[in-house]
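Naming: A, B, ... by sequence-line order, numbering from 1 per chain. In what follows, every heavy atom counts, from backbone to side chain, and hydrogens, waters and symmetry copies are set aside.
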2 protein chains.
Amino acid sequence: MHASPVEVSLQAALDALSDPIRRRIVRELAGVPDWSRPCGTFSHLPVAKSTLSHHFAVLRGVGLLEQRDEGPRRLNRLRRPEFDDRFPGLLPLILTEPEDRP
Amino acid sequence: MHASPVEVSLQAALDALSDPIRRRIVRELAGVPDWSRPCGTFSHLPVAKSTLSHHFAVLRGVGLLEQRDEGPRRLNRLRRPEFDDRFPGLLPLILTEPEDRP
DNA sequence: TGTAGTGTTCCATCTCGATCGAACAGTTTA
DNA sequence: TAAACTGTTCGATCGAGATGGAACACTACA
């Protein structure tokens, strides 16, 4: 887990980003400072807690996300520069995507 | 069918490009002049003829591909500038991807 | 201690899309 | 006309991944 974007294939990156829930996670993380949002603050997303945990694991697996333990919670950071370097242009497409409801 | 890239969602574009066979089609078309390759010249890809036809339909559906009848065959053109305009940076990622075998 | 909160793991279900073969439609040529 | 070629459509199968609930591990705090 916690792969570096450098070692990630385009296939894996596209698989990870083709899920709308994961793109919402990425967008929300892009809008806040690093290490400011634990996983629990994403409970408004319309999926179960275990499913959310799965999505975070996928994002970690492609190097889009970094997580750090702080007490009982797990803080998140978007590895934006690293990912931009590996897949230039891809993240901006996700971040400018209009939100879909709910 | 034959949607314009302008009216295509990022979701649809990512769905279309997350398939490795479709990315190979896109790459091969990018390497030849417009209208120079009929669908039949993709029979080296490791899928059945009907599956290939399905992939072409998906690529048409997201505006990546334009097809034109010429007698019994169907010539293809990559709608590169239109797609680049709608999803800047995405097509270059696909075109620079290393080929996977077979 | 124990209780609450956070996140993961396990397991089962289910949906969607890739796949293929066969039949079909259209075009060209014999 | 028939035969060959090109591509699509149809119906069915199959597998990968999203999903949710329950149990679990860990931390913090009463």
Please give, in whole Å, the distance from [N] [atom2] to [X] [atom1]?
X	N	atom1	atom2	answer
A:Phe42	C:dT6	CZ	P	14 Å
A:Leu65	C:dT8	CG	P	10 Å
A:Leu59	D:dG17	CG	C1'	14 Å
B:Gln11	C:dC16	CD	P	13 Å
A:Phe56	C:dG7	CZ	P	8 Å
A:Arg68	C:dT6	CZ	C1'	16 Å

With a 4.0 Å limit, can you tell me whether [X] has a side-chain N or O closer than that to the phosphate oxygens OP1/OP2 of [N]?
X	N	answer
A:Arg22	D:dA18	yes
B:Arg74	D:dT8	yes
A:Arg73	C:dA4	no
A:Gln67	C:dT6	no

Close N or O pairs between protein and nucleotides 11-16 of chain D (under 3.5 Å):
none

side-chain contact (heavy atoms from CB on, under 4.5 Å) assessment of B:Ser9 paired with A:Glu97: CA-CA 9 Å; B:Ser9 68; A:Glu97 182 186 17; over 6 Å; no
Where protein sits on nucleotides 19-30 of chain D, one letter per nucleotide: B base, S sugar-phosphate only, - none, heavy atoms under 4.0 Å: BBBB----SS--
Polar side chain donor-acceptor pair, A:Gln11 to B:Arg23, under 3.5 angstrom: yes
Beyond-backbone contact of A:Leu29 with A:Leu59, side-chain heavy atoms, under 4.5 angstrom: no
Minimum side-chain heavy-atom gap A:Leu17-A:Arg22 below 4.5 Å: no
Trace of the side-chain contact (heavy atoms from CB on, under 4.5 Å) decision for A:Arg37 with A:Leu75: CA-CA 6 Å; A:Arg37 283 197 67 176; A:Leu75 301 181; over 6 Å; no
For the student: nearest non-hydrogen atoms of A:Ala13 and A:Phe83, plus distance: CB-CZ, 4.2 Å
Residue B:Arg77 excluded, over 12 heavy atoms near CZ under 6.0 Å: yes
Donor-acceptor pair, side chain of B:Glu28 and main chain of B:Ile25, under 3.5 angstrom: no
Working for side-chain contact (heavy atoms from CB on, under 4.5 Å), residues B:Ile94 and B:Arg27: CA-CA 7 Å; B:Ile94 274 74; B:Arg27 274 194 299 272; 4.2 Å; yes
side-chain contact (heavy atoms from CB on, under 4.5 Å) assessment of B:Arg74 paired with B:Arg68: CA-CA 6 Å; B:Arg74 187 161 283 200; B:Arg68 195 181 66 182; over 6 Å; no
Those residues of residues 26-39 of chain A lying under 4.0 Å from DNA chain C by at least one heavy atom: A:Pro38, A:Cys39
Parallel, tilted or perpendicular, as decided by the 30° and 60° cut-offs, for the rings of A:Phe42 and A:His44: parallel
